[in-house]
Amino acid sequence: MRELASRPLSAAVSGMTTEVVDPVPGAGAPHLPRQTGLVQLLTPEGERVEHPDYAIDVTAEELRDLYRDLVLVRRWDVEATALQRQGELGIWASLLGQEAAQVGAGRALRPDDTAFPTYREHGVAWTRGVDPLHVISLFRGVDNGGWDPVATGFNLYTVVIGAQCLHATGYAMGLQRDGAESAALAFLGDGATSQGEVNEAMIWAASFSAPVVFFCQNNQYAISVPLERQSRVPLYQRAAGFGFPGVRVDGNDVLAVLAVTRAALAAAREGQGPTFIEAFTYRMGAHTTSDDPTRYRLASELEEWKLRDPIARVKAYLSRTGTADADFFADVEARADELAAHIRRGTTEMPDPPGTAMFDRVYAEQTPHLAAQQAQFEAYQAGFEGSHR
Amino acid sequence: MRELASRPLSAAVSGMTTEVVDPVPGAGAPHLPRQTGLVQLLTPEGERVEHPDYAIDVTAEELRDLYRDLVLVRRWDVEATALQRQGELGIWASLLGQEAAQVGAGRALRPDDTAFPTYREHGVAWTRGVDPLHVISLFRGVDNGGWDPVATGFNLYTVVIGAQCLHATGYAMGLQRDGAESAALAFLGDGATSQGEVNEAMIWAASFSAPVVFFCQNNQYAISVPLERQSRVPLYQRAAGFGFPGVRVDGNDVLAVLAVTRAALAAAREGQGPTFIEAFTYRMGAHTTSDDPTRYRLASELEEWKLRDPIARVKAYLSRTGTADADFFADVEARADELAAHIRRGTTEMPDPPGTAMFDRVYAEQTPHLAAQQAQFEAYQAGFEGSHR
Amino acid sequence: MTQLLTIGKALNLGLRRAMEDDAKVVLMGEDIGRLGGVFRITDGLQKDFGEDRVVDTPLAEAGILGTAVGLAMRGYRPVCEIQFDGFVFPAYNQIVTQVAKIHARSRGRLAMPIVIRIPFGGGIGAVEHHSESPEAYFAHTPGLKVVAVSNPVDAYWGIQQAIAHPDPVVFLEPKRRYWDKGEVDTDATPDPLLAARVVRAGDDVTVLAYGPMVKTALQAAEAAAEEGRSLEVVDLRAISPLDLDPVVESVRRTGRCVVVHEAPVTLGLGAEIAARITESCFHSLEAPVLRVGGYDTPYPPSKLEEEYLPDLDRVLDAVDRAMEF
Amino acid sequence: MTQLLTIGKALNLGLRRAMEDDAKVVLMGEDIGRLGGVFRITDGLQKDFGEDRVVDTPLAEAGILGTAVGLAMRGYRPVCEIQFDGFVFPAYNQIVTQVAKIHARSRGRLAMPIVIRIPFGGGIGAVEHHSESPEAYFAHTPGLKVVAVSNPVDAYWGIQQAIAHPDPVVFLEPKRRYWDKGEVDTDATPDPLLAARVVRAGDDVTVLAYGPMVKTALQAAEAAAEEGRSLEVVDLRAISPLDLDPVVESVRRTGRCVVVHEAPVTLGLGAEIAARITESCFHSLEAPVLRVGGYDTPYPPSKLEEEYLPDLDRVLDAVDRAMEF
Ligand SMILES: Cc1ncc(C[n+]2csc(CCOP(=O)(O)OP(=O)(O)O)c2C)c(N)n1
Ligand SMILES: Cc1ncc(C[n+]2csc(CCOP(=O)(O)OP(=O)(O)O)c2C)c(N)n1
Ligand SMILES: [Mg+2]
Ligand SMILES: [Mg+2]
């Protein structure tokens with residue numbers, strides 16, 4: 001049995017030499033400056049540090065906003081997990097521990113950019129103004145994607161691992177054709193990097209210099225399978241093999257994620273092509289509510305990562321620097337309570353869809369064949385009218 | 001229209017700075033030494049040059065054998081092309097220009113190694129002792145793979161681009177489990193590098209440190225599509241992103257190919273994991289006999305590459321150094337004539353398979369369902385007995 | 001205006017017209033640009049419409065379909081060429097889990113007007129994977145539409161209709177008939193994309209076919225006529241959803257039905273049609289619906305394809321059996 | 001020895017026994033090792049047989065099947081787990097163009113004894129892609145064999161037989177029945193892998209089912225019996241090749257047949273069975289073979305799956321229609 005404890009977690013976060021891998025001169029777009037470590041702007045202890053290549057200027061208000069995002073998103077997640085336990089949701093995929101990666105990436109987007117999430121990007125959904133209940137309706141089994149992907153610039157969740165990376169790339173090719181100065185942001189997990197389609201997406205993005213950024217949340221696991229099974233070298237290095245820059249950022253540092261993603265998106269919009277961002281983070285909860293992580297990882301691992309909590313460090317910074325006061329924190333808590341209540345009430349009151357909904361929207365216009373099936377279905381259902389069904 | 005002439009071909013072969021890309025220390029197997037150029041041991045002019053990392057000791061006899069291989073393989077190819085023109089073959093995929101890459105790679109194999117070809121590796125087939133008529137029978141439409149892949153260590157041709165790379169990797173995982181000191185050699189083209197499955201094969205090979213070598217003949221084109229569409233950076237660099245070494249070799253230099261492939265196979269057998277070899281070469285003929293390359297490339301390109309002919313340089317070396325004399329060359333020519341005659345006679349005399357052959361071997365044992373279909377087929381055919389059919 | 005066109009040329013002109021009509025139409029595929037496609041169906045289009053509208057793609061079918069999805073999300077109408085039938089499978093995941101489902105997943109908010117052009121079927125003496133008939137795999141997949149053309153007129157109009165159609169369409173081209181010629185009136189009003197068509201009237205047996213087998217069925221009808229037997233031939237045209245109304249009407253008259261396709265018989269389109277026709281025409285049928293198709297074997301090496309593929313004689317043999325039942 | 005086992009546990013024990021019997025058996029899949037699989041079917045096997053025989057793979061289904069082909073070429077017997085039915089499609093190219101064809105391509109020189117385990121079907125309240133019934137896609141593909149188990153006995157023996165079988169077998173596990181229990185005699189002589197089985201005798205209508213729908217069909221027979229109607233239920237077990245001999249025998253007696261599956265009706269197994277049974281039993285049929293299946297829509301969100309999936313009432317409804325025809 002492989003020794004879990006031997007995994008050099010701390011080294012990975014702080015000491016590892018991580019650099020932007022430059023493609024050969026002239027090829028690809030070496031727009032991200034060379035760096036010499038994991039990009040970090042806020043330490044786990046809440047110290048603001050500088051990075052030569054990723055300066056970021058955030059106002060006090062922006063900082064407080066980010067903090068509020070993080071707290072609200074976590075609260076949403078906690079509430080959803082509770083609702084699942086109570087039988088209100090079929091399943092829930094928790095983002096616990098990945099709030100900074102998601103809020104940082106989401107807040108880096110401009111309104112006209114488009115995000116292509118997996119099934120775990122509730123934090124990004126939040127930044128795009130998607131109603132949490134629309135996300136929850138999917139996990140409740142009410143629909144397969146309840147929000148408007150066009151109006152929100154937040155594509156529907158994609159459950160088939162990696163498929164959305166090609167969609168984002170194709171969408172970015174469309175942006176190019178439109179002369180739009182916007183970018184696509186594709187989310188993926190560490191496990192997803194092994195899918196052929198994800199690698200094809202990177203090949204296409206490089207080939208067409210498409211304005212797409214691949215944002216990989218390396219949360220160390222694909223369900224139970226640790227990163228080492230997917231790659232023996234840091235994931236951000238993958239990009240260089242395809243001819244574009246890769247960068248590794250502390251995924252639990254919302255400022256660093258914001259700065260790095262902003263830079264990558266800006267480069268994409270300016271025609272410099274794709275970037276791969278590896279946000280180094282940790283899935284603090286189970287894979288989903290159906291999962292039991294005690295079967296494959298040690299509790300001590302989680303303890304170590306708790307010290308790098310993405311929210312605690314922002315709070316520490318806000319408090320210590322006086323950027324926020326007790327009133328602010330109380331207000332955030334109050335809002336979180338409100339949000340939780342909204343989610344709880346909205347979920348338990350959410351109506352089931354009518355049976356005929358499944359015949360809708362299979363095609364742009366219902367075919368005679370489906371209309372006939374629906375009619376049969378309705379006639380059949382009508383036979384039970386008044387009975388137990 | 002993209003400017004064909006601007007393609008820096010000469011730079012690509014001689015001046016390009018090509019290095020083995022080392023994966024990060026400790027990960028993967030940086031067994032191939034660092035180098036500073038395209039690996040070349042025999043210049044286009046037939047000068048023997050040394051390479052610090054790929055010394056090769058070949059006897060005069062070995063050199064003559066390699067030359068003979070190259071000439072015979074080319075003659076086979078020319079004969080098959082002629083047979084296709086005369087209607088004896090449905091199609092033929094010519095290897096013209098790629099003889100050195102194939103003979104060099106094939107001769108690097110040990111008897112207990114296994115090759116996984118595409119559909120163009122006739123030169124490798126030759127080195128594995130496969131009867132050319134068995135290869136030709138496929139292109140004639142007599143069968144889909146006429147030789148014994150186990151006895152020859154030469155797997156059947158695989159037409160679906162890239163699929164064989166995963167087979168080779170899985171086979172190599174089997175070698176590992178058997179504790180065999182042998183390796184698998186997967187062939188692929190430059191176009192194939194874009195297939196998801198090929199990238200998955202590299203991911204698996206890295207993850208399991210499988211004894212497989214990926215031998216990519218970069219012949220500059222995937223049918224009509226030039227390399228630039230598949231990758232903006234040299235292909236050998238792909239490997240580093242997956243955590244194993246990549247190396248670029250002059251694919252028209254049989255000695256260099258032999259040396260580099262031998263080293264990579266040795267490393268694989270010793271447990272050092274995979275290597276990616278990019279053999280830089282050129283498809284001097286059409287993609288297949290169905291193709292018309294004048295639609296997508298300039299004649300001048302071919303003229304340039306003729307100066308780097310893989311056979312001419314060996315002949316020049318043999319002659320100039322006195323390693324072979326006129327008798328030897330005459331003998332090789334005579335053998336080539338014999339081979340051509342064997343191929344021509346064998347092809348024109350090749351019997352058609354019986355119609356019932358298609359019901360054979362679908363399964364290990366014929367199912368009752370197929371037996372019934374075959375019986376129907378036979379009864380139906382019998383109805384035509386004596387008639388025009 | 002009426003022109004004598006091959007199916008291949010009709011497709012080429014239809015694509016050209018669709019691109020002229022709608023600037024959002026983008027062609028994607030391997031070798032479709034400078035080369036004009038291995039069958040030259042896109043010949044000359046990149047030259048006239050540029051590299052952004054006729055895209056020579058990397059060699060990756062999942063990539064073609066997956067980026068097509070993204071382009072469709074951005075308002076484009078991608079027309080993807082799969083070089084040969086046997087190479088559609090790397091894209092199968094994108095087609096079945098994404099292209100087919102996104103309209104429903106988004107409750108109609110995202111349209112997927114993607115055309116997947118596939119030269120399909122055998123009979124050209126090719127090597128493995130170049131002669132497959134994968135239509136049933138798509139017709140079993142809700143969310144897709146599947147059509148097959150059999151002649152230059154349907155090729156010319158059908159490709160334009162498929163491109164203008166709001167849903168994803170798998171557009172099957174009978175590759176061995178690419179060089180068959182016919183008169184095409186480019187000003188006519190075309191038949192609807194998804195409607196079957198009676199192409200020869202008859203009374204004794206209804207013969208159903210699509211794509212390359214329509215010609216075979218018509219040849220069989222010709223031969224049968226010489227023996228005094230009258231076959232009604234229906235070109236199904238729409239494979240999913242099937243348009244069985246004219247078929248039901250016909251079978252109620254003839255009482256006998258034979259379905260012809262190249263794909264393996266087991267779970268080929270003939271299975272669905274037999275099940276549906278039997279249900280609709282139970283009391284009219286004098287014989288079970290009989291199927292003529294490829295055998296349940298991998299497509300054989302080309303020296304055997306003549307034996308594998310349904311031909312005039314095998315159709316007539318089934319007609320005989322239907323008559324004798 | 002007889003044990004009370006769930007289907008899941010029976011599979012686990014069957015896999016264990018197969019691994020003990022043959023050192024060449026290698027299990028491959030996502031999360032099957034330390035976690036024991038998301039359904040725990042491989043629970044404890046990596047601990048006992050090691051990481052070389054129970055392989056936690058990278059997240060790539062084409063990789064799983066493609067490397068399985070290579071392992072098979074080297075003499076291994078790979079057993080691949082696809083985590084959920086909806087995730088088999090990235091591997092579709094390897095399955096359809098390689099796994100299914102290599103035996104024929106090599107004229108029998110290369111065996112492909114690969115088992116592809118797929119937990120299939122709906123009814124577990126899951127999100128998209130976790131409730132698919134892809135069996136027809138495989139049954140239409142020559143070179144593959146396809147089986148579905150419905151109970152712990154067949155699970156225990158079937159998995160061992162599939163692994164020992166010389167051809168590739170798509171092995172479908174009724175995921176929503178994983179927790180159903182039954183007595184398994186682990187010393188018994190099992191029925192053949194590819195044979196249908198009459199699981200309840202009856203005279204009025206023959207009801208065919210496989211996998212999760214066998215239980216539903218039996219429930220329907222139970223309910224029908226209360227109303228004085230006698231249903232014969234056949235568990236098809238083998239989906240490709242179909243074993244229709246007992247079905248033909250039964251339908252010749254009953255004159256009526258209903259096929260039940262979760263997959264969409266169009267081109268589902270019911271289509272093939274209807275076509276074949278109609279041909280074999282044309283003169284005995286009192287009604288067309290009726291099909292009860294999923295609607296021709298994408299699998300709906302789970303709140304609607306009860307309406308989508310065939311249940312006892314829908315089977316009885318079809319039985320009524322068959323009787324009234
Ligand atoms: C093609 C495919 N195969 C398998 C699955 C089942 N599955 C769901 S999530 C998951 C692990 C994903 O890991 P990763 O990409 O690291 O993302 P994370 O869940 O950690 O955010 C797997 C195997 C799937 N959804 N799609
Ligand atoms: C999956 C798949 N897609 C498309 C094809 C059609 N095709 C055959 S060869 C070829 C180009 C291959 O290029 P490359 O990999 O560079 O190999 P080369 O032919 O140059 O040796 C294509 C597109 C195929 N055989 N398989
Ligand atoms: Mg992960
Ligand atoms: Mg090439």
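Here is the naming used below: chain letters follow the sequence lines, and residue numbers restart at 1 for every chain.
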*Can you tell which of Glu61(D), Glu30(D), Gln46(D) has the highest number of heavy-atom pairs within less than 4.5 Å of chain A?*
Glu61(D)

*asked:* Quick check for you: among Thr266(D), Val265(D), Thr57(D), Ile124(D), which has the greatest number of heavy-atom pairs under 4.5 Å with chain A?
replied: Thr57(D)

With rounding to the nearest 0.5 Å, note down the distance linking [atom1] in [X] to [atom2] in [Y].
X: Asp56(D); Y: Glu228(A); atom1: CG; atom2: CD; answer: 12.0 Å
X: Phe87(D); Y: Ile161(A); atom1: CZ; atom2: CD1; answer: 7.0 Å
X: Lys303(D); Y: Ser137(A); atom1: NZ; atom2: OG; answer: 11.0 Å
X: Asp352(A); Y: Leu304(D); atom1: CG; atom2: CG; answer: 7.5 Å
X: Arg229(A); Y: Asp31(D); atom1: CZ; atom2: CG; answer: 12.0 Å
X: Gln374(A); Y: Tyr295(D); atom1: CD; atom2: OH; answer: 10.0 Å

If I measure from the heavy atoms of chain D, does [X] come under 4.5 Å with its side chain, its backbone, both, or neither?
X: Arg361(A); answer: neither
X: Asp291(A); answer: side chain
X: Pro293(A); answer: neither
X: His369(A); answer: side chain
X: Ala163(A); answer: neither

*Checking Asp296(D) against chain A: side chain, backbone, both or neither under 4.5 Å from a heavy atom?*
both

*Under 4.5 Å from a heavy atom of chain A, the part of Phe84(D) involved*: neither

*Are the side chain of Gln230(A) and the backbone of Leu59(D) linked by a donor-acceptor contact shorter than 3.5 Å?*
yes

*How close do Pro301(D) and Gly141(A) get, heavy atom to heavy atom, and via which atoms?*
CB-O, 3.1 Å

What residue, out of [options], has the most heavy-atom pairs lying under 4.5 Å from chain D?
options: Tyr119(A), Tyr157(A), Tyr363(A), Phe377(A); result: Phe377(A)
options: Asn144(A), Val159(A), Val362(A); result: Asn144(A)
options: Leu138(A), Val142(A), Ile91(A); result: Val142(A)

*asked:* Show, in sequence, the C-alpha distance, side-chain angles and deciding distance for Tyr380(A) and Asp313(D), and conclude whether the side chain to side chain contact (heavy atoms under 4.5 Å, CB included) test is met.
replied: CA-CA 10 Å; Tyr380(A) 170 78; Asp313(D) 288 320; 3.0 Å; yes

*If we only count heavy atoms from C-beta on, is the Gln381(A) to Glu307(D) side-chain gap below 4.5 Å?*
yes

*Are the side chains of Pro90(D) and Gln195(A) in touch, meaning some heavy atoms are under 4.5 Å apart?*
yes

_Identified side chain to side chain contact (heavy atoms under 4.5 Å, CB included) counterpart of Leu35(D) within the set Asp292(A), Val225(A), Ile223(A)_ = Ile223(A)

*asked:* Looking at Gln86(A), I'd like to know if its CD atom is crowded, meaning that more than 12 non-hydrogen atoms belonging to other residues, nucleotides or ligands lie closer than 6.0 Å.
replied: yes

*Check ion pair Asp43(D)-Arg295(A) (N to O, under 4.0 angstrom)*: yes

